[in-house]
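Have a look at the structure below before the remarks.
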2 protein chains.
Amino acid sequence: MNHRSYKDALYAQFARVGKAFASDKRLEILDLLAQGERPVEAVAQETGLTIGNASAHLQVLRRARLVDSRKDGQQVYYQLADQDVFRLFRSLEALAQTRLTEIDQITRSYYESPQDLEGISAPELQDRLQDNEVILLDVRPHAEYVAGHIPGALSVPPDELQQHLEKLPRDQEIIAYCRGPYCLFATDAVRQLRHAGYRARRLALGLPDWRASGFPVAKPKPADNCLATGNIYPDTAHEGT
Amino acid sequence: MNHRSYKDALYAQFARVGKAFASDKRLEILDLLAQGERPVEAVAQETGLTIGNASAHLQVLRRARLVDSRKDGQQVYYQLADQDVFRLFRSLEALAQTRLTEIDQITRSYYESPQDLEGISAPELQDRLQDNEVILLDVRPHAEYVAGHIPGALSVPPDELQQHLEKLPRDQEIIAYCRGPYCLFATDAVRQLRHAGYRARRLALGLPDWRASGFPVAKPKPADNCLATGNIYPDTAHEGT
DNA sequence: ATAATATTCTATAGATTATTAGAATATACA
DNA sequence: TGTATATTCTAATAATCTATAGAATATTAT
């Protein structure tokens, strides 16, 4: 094995991972799977892909060993292979953010005021939660809250915030968090809350980032009366790292 | 701007960076540029690409803002846009290394004994250098040594090691380092040194990794009589971070 | 100015990838 | 066992990417 063929073989392997990250739809799928495992149909629905096409993308990711799949009944569930995959994905996003000014333009175009952009950091949130200074809302779809959430958060799915608006206390600031720094669930929630007169901010990052930073993640107890409480309820048990 | 077009626009930007990492030849170019800036022709020569093709790859990298170029006379020099580009590149390599067993097979195929694989870590090298326990050889091409090297290293380009073999002291272990974890210059040097009866190991990583970890990097003084000393000489001035 | 050199641009052919629709496969359920 | 469902596979097409050769551009040297 000479140097050239050794290098060619090696870089070809590294490029397998690079190629997996080379499609906008696959990046969106990775972001989605960072919230927890999902069957093909759910991936297709959330990304706007046909089922066949979503399946094909998932297999590109699987061949690059970035995702694993397990079959349960009729459905095949896909999930990120490990936390390092998420970390590399977010590192790529972060590099893109610092190098490509276009990303700033896109995010700004969604916001009404520059103030909307400001998010609270994870350590600051941790502090303020311990001092009971804030109300924390998980504004992702309910299933993702069940799969794991920040201890103390209330589950308020995006389409249910409006109906719960008046029940929230007005003497504390409200923090909303969602899937990640570019996810709009929390941004939209903050906008609604401010329109209703609340003090509200979003968490700058999302749940998977919170987890990857080593902060605790809670899960509701299996026997909990989740559905009975109108989708708003606090956490119970803690997850191991 | 609705959620779907916002997401599409964002992930399309992230994918610009992903696509830049999606070619084995571009990864090899990034690895090369991590040693320092280079004109197009040098990139073409080291990667086995035609000049036109190398130029095209470099422009893909430039459009993704991963490299910058500057024109000096007739030549266009390319370099990594910043240290974060190198860090993401190595993170991708590291993820590929842990996820793809094929990479282990390729690296093993080059080694005669498993012992050849073992490299010393940067902190350990730092300690042993301070105690003067080892001789350190920079076995990259001389120009790269000039662009920056580990303080105390001697420059011994790959094709000159043989002629200097007998000049090295036999009472200390010899450490060789090169461009990175998968670069073969140090591996080959260690093999030659062991055949000649020396105790020798390679540094596990390379100079850019040493720099990225925050260890000091030295440059020879401009007025130094570099060429007069047969390409073996110690460092002088230190580089700022 | 003219010639030489380095690089980029253009055109093109070939290879790879993305997408869709529909067939095939495997499991669950009646 | 037969039927419904979820997913993967296959085939066809469109789109994108890679590589090459040669033309065009810009700079240096004569």
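Chain letters run A, B, ... following the sequence lines, proteins first, then strands; residues in each count from 1. What you see is a predicted model, and the numbers here were worked out from it, not measured in a lab.
- Between A/T50 and C/dT20, a side-chain N or O to OP1/OP2 separation shorter than 4.0 Å is present.
- B/R63 is linked by a side chain to side chain donor-acceptor pair (under 3.5 Å) to nothing, counting only residues two or more places apart in sequence or in another chain.
- By the salt bridge (Lys or Arg N to Asp or Glu O under 4.0 Å) test, B/R62 is found to be paired with no residue, residues two or more places apart in sequence or in another chain being considered.
- Counting any heavy atom pair closer than 4.0 Å across all strands shown, B/Y77 reaches no nucleic acid atom.
- Partners of B/S91 according to the side chain to side chain donor-acceptor pair (under 3.5 Å) rule, which considers only residues two or more places apart in sequence or in another chain, do not exist here.
- Residue pairs that meet the side-chain hydrogen bond (donor to acceptor under 3.5 Å, both in side chains) test with at least one member in residues 44-53 of chain B, sequence neighbours left out, are B/E46-B/R179.
- Using modelled atom types, one side-chain atom of A/K19 and one backbone atom of B/A22 make a donor-acceptor pair closer than 3.5 Å.
- Scored by the side chain to side chain donor-acceptor pair (under 3.5 Å) test, B/R65 finds A/E102 as partners (sequence neighbours excluded).
- In terms of phosphate contacts, A/N53 brings no side-chain nitrogen or oxygen within less than 4.0 Å of OP1 or OP2 of C/dA18.
- Residues from residues 24-43 of chain B that place a heavy atom under 4.0 Å from any atom of DNA chain C, listed by number: B/P39, B/V40, B/E41.
- The side chain to side chain contact (heavy atoms under 4.5 Å, CB included) search around A/L205 returns A/P181, A/D209, not counting sequence neighbours.
- For the pair A/H57 and C/dT17, the criterion of a side-chain N or O lying under 4.0 Å from OP1 or OP2 is not met.
- Residues satisfying the side chain to side chain donor-acceptor pair (under 3.5 Å) test with B/R140, not counting sequence neighbours, are B/Q35, B/D138.
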List every contact pair, protein side and nucleotides 24-29 of chain D side both N or O, where the distance is under 3.5 Å.
none

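- B/Y78 has no side-chain polar atom (N or O) that falls below the 4.0 Å cut-off from OP1 or OP2 of C/dA6.
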